[in-house]
Amino acid sequence: MILSGAEDIAVVGEAADGSEVPAAVAAHRPDVVLMDIRMPRVDGLTATESLRGRAGAPEVIVLTTFDADEFVLRALRAGASGFLLKDTPPVEILHAVRRVAGGEAALSPTVTRQLIAHVAAPDPGGTRRRALTALEQLSERERDVALLLGQGRSNAEISAELFMSVATVKAHVSRLLVKLDLNNRVQVALLVHDAGKA
């Protein structure tokens with residue numbers, strides 16, 4: 001109901017279970033999938049991982065009543081561009097869908113706080129070292145863009161800060177996604193945070 005009421009958003013399909021998601025996406029080719037974590041047979045996190053692993057996959061926003069760290073991190077590492085709690089006001093859900101469709105990220109404030117806490121936690125598994133090594137693959141300009149993505153900056157904000165066109169920013173983002181073998185800017189931000197650079 002929330003999505004159908006917006007003039008600029010069209011609901012093209014629905015799935016009752018994560019196992020139905022691939023067929024629904026193939027049939028309707030949406031730009032954004034709003035994915036519930038809790039589904040009967042195949043949960044939304046598994047469906048997100050499967051979906052985002054395919055070429056040309058739509059963006060995914062995970063919607064849930066749970067804000068547990070393991071769900072948030074698994075969803076974002078799987079390639080979700082957003083993570084919202086079900087108590088998010090309807091107008092903010094619409095805003096999130098628009099942002100994600102435009103290539104931005106959308107995280108609820110609670111999730112943002114959790115990510116900050118995660119980044120501040122000790123790193124016994126060497127995540128920081130691996131993230132720093134990954135960032136070293138980038139050119140200096142790509143690294144500048146990646147660091148600003150890690151701060152949650154939009155393409156327009158990066159453009160203004162680095163004195164380059166928005167089209168050039170988008171080109172840098174595309175190149176660094178390929179070099180880092182990542183799906184979206186949220187994963188870049190996680191990498192930057194893991195490296196301790198944000």
Worksheet item: With no hydrogens and no angle check, is any side-chain donor or acceptor of E92 less than 3.5 Å from a backbone partner on P89?
Response: no

Practice prompt. Look only at the side chain of R143 and the backbone of L135, and say whether a donor-acceptor pair between them is shorter than 3.5 Å.
Written response: yes

Discussion item. Show the nearest heavy-atom pair for residues S159 and S165, with the distance to one decimal.
Written reply: OG-C, 3.7 Å

Discussion item. One pair to check against side-chain contact (heavy atoms from CB on, under 4.5 Å): I61 and V97. What are the steps and the verdict?
Written reply: CA-CA 8 Å; I61 298 174; V97 170; 4.0 Å; yes

Discussion item. Quick check: closest heavy atoms across L85 and S108, and the distance to 0.1 Å?
Written reply: CG-OG, 4.0 Å

Response to the item:
Closest heavy-atom pair, V100 versus A106, reported as atoms and distance to 0.1 Å, is CG2-CB, 3.9 Å

Worksheet item: Could you give the distance from CD (E157) to CG (L148), rounded to the nearest 0.5 Å?
Response: 9.0 Å

Discussion item. Please determine whether side-chain contact (heavy atoms from CB on, under 4.5 Å) holds for the pair R141 and M164, giving the CA-CA distance in whole Å, both sets of side-chain angles, and the decisive distance to 0.1 Å.
Written reply: CA-CA 10 Å; R141 209 57 166 158; M164 62 175 70; 3.1 Å; yes

Item to complete: Kindly work out whether a path of hydrophobic side-chain contacts (I/L/V/M/F/W/Y, heavy atoms less than 4.5 Å apart) joins L162 to V169.
Response: yes

Practice prompt. For the residue pair P22 and L51, establish whether any side-chain heavy-atom pair is separated by less than 4.5 Å.
Written response: no

Worksheet entry | Main-chain N/O of V12 paired to H28 side chain as donor or acceptor, under 3.5 Å | yes

Fill in: Rounded distance (nearest 0.5 Å) linking atom CD of E104 with atom CZ of R98
14.5 Å

Fill in: Point-to-point distance, once rounded to the nearest 0.5 Å, from CG of L177 to CD of Q187
8.5 Å

Worksheet item: Does any non-hydrogen side-chain atom of L180 lie less than 4.5 Å from one of L138?
Response: yes

Worksheet entry | R41 backbone acceptor or donor facing D17 side chain under 3.5 Å | yes

Fill in: R128 side chain to D194 backbone, donor-acceptor under 3.5 Å
no

Worksheet entry | Interatomic distance, L107 atom CG to L84 atom CG [nearest 0.5 angstrom] | 7.5 Å

Worksheet entry | Co-membership, hydrophobic cluster, residues L94 and L63, 4.5 Å side-chain | yes

Practice prompt. Check V62 against A80 and note the closest heavy-atom contact, atom names and distance.
Written response: CG2-CB, 4.0 Å

Worksheet item: With distance as the sole criterion, is a donor-acceptor pair present between the side chains of T46 and R74 under 3.5 Å?
Response: yes

Worksheet item: How far does CD1 of I158 sit from CG of L149, to the nearest 0.5 angstrom?
Response: 4.0 Å

Worksheet item: Are R77 and L190 close enough, and set up right, to give a side-chain contact (heavy atoms from CB on, under 4.5 Å), and what steps lead you there?
Response: CA-CA 8 Å; R77 291 194 191 285; L190 282 172; 4.1 Å; yes

Worksheet item: With no hydrogens and no angle check, is any side-chain donor or acceptor of N155 less than 3.5 Å from a backbone partner on V166?
Response: no

Discussion item. More than 12 heavy atoms of other residues, nucleotides or ligands under 6.0 Å from CG of D181: yes or no?
Written reply: no

Worksheet item: R185 side chain to R153 main-chain N or O, any donor-acceptor pair under 3.5 Å?
Response: yes

Worksheet item: Mind checking whether V32 and I9 have side chains closer than 4.5 Å, heavy atoms only?
Response: no

Worksheet entry | Atom of E49, atom of A78 and distance for their closest heavy-atom approach | CG-CB, 3.3 Å

Worksheet item: Closest approach of A195 and A131, non-hydrogen atoms and distance?
Response: N-CB, 3.5 Å

Response to the item:
So CZ of F163 and OG1 of T168: to nearest 0.5 Å the spacing works out to 14.0 Å

Discussion item. Please evaluate residues D31 and E59 with respect to the criterion side-chain contact (heavy atoms from CB on, under 4.5 Å), reporting the C-alpha separation (whole Å), side-chain torsions for both, the decisive distance (0.1 Å), and the verdict.
Written reply: CA-CA 6 Å; D31 296 316; E59 300 297 335; over 6 Å; no

Worksheet item: Between the side chains of H172 and R175, is a donor N or O closer than 3.5 angstrom to an acceptor N or O?
Response: yes

Worksheet item: In this structure, are over 12 heavy atoms from other groups packed under 6.0 Å from K170 atom NZ?
Response: no

